Asks: 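Before I ask anything, let me first share the structure, which is written out below as structure tokens.
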Amino acid sequence: MKDIRKIGIITGGGDCSGLNAVINGITKAAVTKWGVEVVGFTKGFTGLINHSFRDLDLKAVSGILHEGGTILKSSNKDNLFNYPVRQKDGTIEYKDISDEAVKNLRYLGVDALIVIGGDGTLTSARDFSRKGVPVIGVPKTIDNDLPATDITFGFNTSLETICDALDKIHTTAYSHDRIMVVEVMGRLTGWLALEGGMAGSADVILIPEIPYDINKVVDKIAQRDAFGRNFTIIIVSEGARPIDGDVVIREIIEDSPDTVRLGGVGAVITQQLAKLVPHHEVRYTNLAYLQRGGMTSQYDRSLGLLFGVQAVELIMAGKSGLMVQLKGREITSIPLTEVVGTGEIGETSKGGKKQVDPEGQYVKTAKAIGISFGD
Ligand code: F6P
């Protein structure tokens, strides 16, 4: 195998806290332990095409460990294997321009890539490794919905934000005897609502894995009124749906690998409750992108460093086509094909999500302390 003298980093897809911790860990380990150079491509894979990159040395990554976001910026529209290319007549044609990227890597003397992202970004990582570029993937998402790793970095920081928001919502809910509906992200999984709601003392938690009956939510409010607690906190996942209905779609983004953006179910529930419990005022807060920013938590800084340094170790050991993962308390690795599938026609999709088990320990614990799931 060719000697590794320069490693490139790419951050793709939606951002989350901890990306800078991974960049910090990769750069410090590569430079300090291995004497290897590092460059960071900007705005995901498009940096490979636009020659947009920056050298990362110890100075460049100094002071970024705790910061949210990514110093390299990110993009969720950067699939170089199916890239929108404007034609002379103004129309757009989707083309595979990945060869150009491989050529640019050679030109820049980049011997290996560490790609940090979710499903879409890691699929491109798999495809570049198939083209002979040594690639290691690092999983990220606030949703914690990747089955291949116990925890993704970013999740813990979002939980801290949700918990802090619920603490703040509590005092104003109490003062006005209000019903407060708080919507959180998570796509089609309820981890953020479940763990954030439990720690933030929510009275009702509505998640995609347990379709809700709005009348059961009304029952819980009545129960609290009867107990003399005249306010109720309801946390709802953006992907939650009623027993007789579907999810609320906020937006369709045609040129994104995952076209559907959820959002707004909290507003729908608020309108319904305003009619069903007219003796209470009902208010709605959507935590939205607050969950994606902020100072990175201790846990996410540590996990980011562990993932980043392990990715460098794998590259230097001559490995490719793998993704680092957390299993129990160990950082190990798994083939990217087992994470995102092989992409072969007829393959059963690997794109499954790690969902909350409605009969699992978390839900059982929440129910045991009186939290309603609207079921
Ligand atoms: O997957 C992370 C996530 O924050 C989801 O929780 C949310 O549904 C989505 O990304 C929002 O995407 P965008 O940044 O494109 O609006």
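Read the numbers this way: they start at 1 and go in the same order the structure lists the ligands and their atoms. Since we're looking at a predicted model, the values are computed, not measured.
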Asks: Could you check whether H170 and F231 have their ring centres less than 6.0 Å apart?
Replies: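 Yes: the rings meet the under 6.0 Å criterion.
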Asks: Measuring from atom 7 (C) of ligand 1, which candidate in R261, K140, E238, R292 has the nearest non-hydrogen atom?
Replies: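 It is E238 whose heavy atom sits nearest to atom 7 (C) of ligand 1.
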Asks: Salt-bridged, K140 to D15, with N to O below 4.0 Å?
Replies: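 So K140 does not pair with D15 through a salt bridge.
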Asks: Count the heavy atoms of every other residue, nucleotide or ligand shown that sit under 6.0 Å from CZ of R261, and state whether that count exceeds 12.
Replies: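 Atom CZ in R261 is packed in, count exceeds 12.
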Asks: For R187, take its heavy atoms, then give the atoms of ligand 1 lying under 4.0 Å from any of them.
Replies: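 This gives 1 (O), 5 (C), 6 (O), 8 (O) as the contact atoms.
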Asks: Please identify which of these residues, N286, V204, L206, V236, meets the side chain to side chain contact (heavy atoms under 4.5 Å, CB included) condition with V181.
Replies: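 Per the side chain to side chain contact (heavy atoms under 4.5 Å, CB included) rule, the option paired with V181 is V236, out of N286, V204, L206, V236.
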Asks: Taking 4.0 angstrom as the limit and counting only heavy atoms of G186, give me the atoms of ligand 1 inside it, by number and element.
Replies: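 Going through ligand 1 atom by atom, the ones under 4.0 Å from G186 are 6 (O).
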Asks: Which protein non-hydrogen atom lies closest to atom 1 (O) of ligand 1, naming both residue and atom, and how far is it?
Replies: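 Going atom by atom, the protein heavy atom closest to atom 1 (O) of ligand 1 ends up being D143 OD2, 2.6 Å.
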Asks: One residue to check: R250. Relative to ligand 1, which of side chain, backbone, both or neither has a non-hydrogen atom less than 4.0 Å away?
Replies: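 It is the side chain that gets close, since no backbone atom is under 4.0 Å.
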Asks: Hey, is I142 touching ligand 1 through its side chain, its backbone, both or neither, going by heavy atoms under 4.0 Å?
Replies: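 Just the side chain.
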Asks: Any non-hydrogen side-chain atom of N24 less than 4.5 Å from a side-chain atom of L305?
Replies: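 A side-chain contact under 4.5 Å exists here.
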Asks: Checking contacts here: is it the side chain or the backbone of N76 that comes within 4.0 Å of ligand 1, counting heavy atoms only? Could be both or neither.
Replies: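 For N76, the contact with ligand 1 is made by the side chain alone.
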Asks: Determine whether more than 12 heavy atoms belonging to other residues, nucleotides or ligands lie under 6.0 Å from atom NZ of K73.
Replies: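 No, because the 6.0 Å sphere around NZ of K73 holds 12 heavy atoms or fewer from other groups.
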Asks: Starting from atom 16 (O) of ligand 1, locate the nearest protein heavy atom and write down its residue, its atom name and how far away it is, to 0.1 Å.
Replies: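 Sorting protein heavy atoms by distance from atom 16 (O) of ligand 1 puts Y289 OH, 2.3 Å first.
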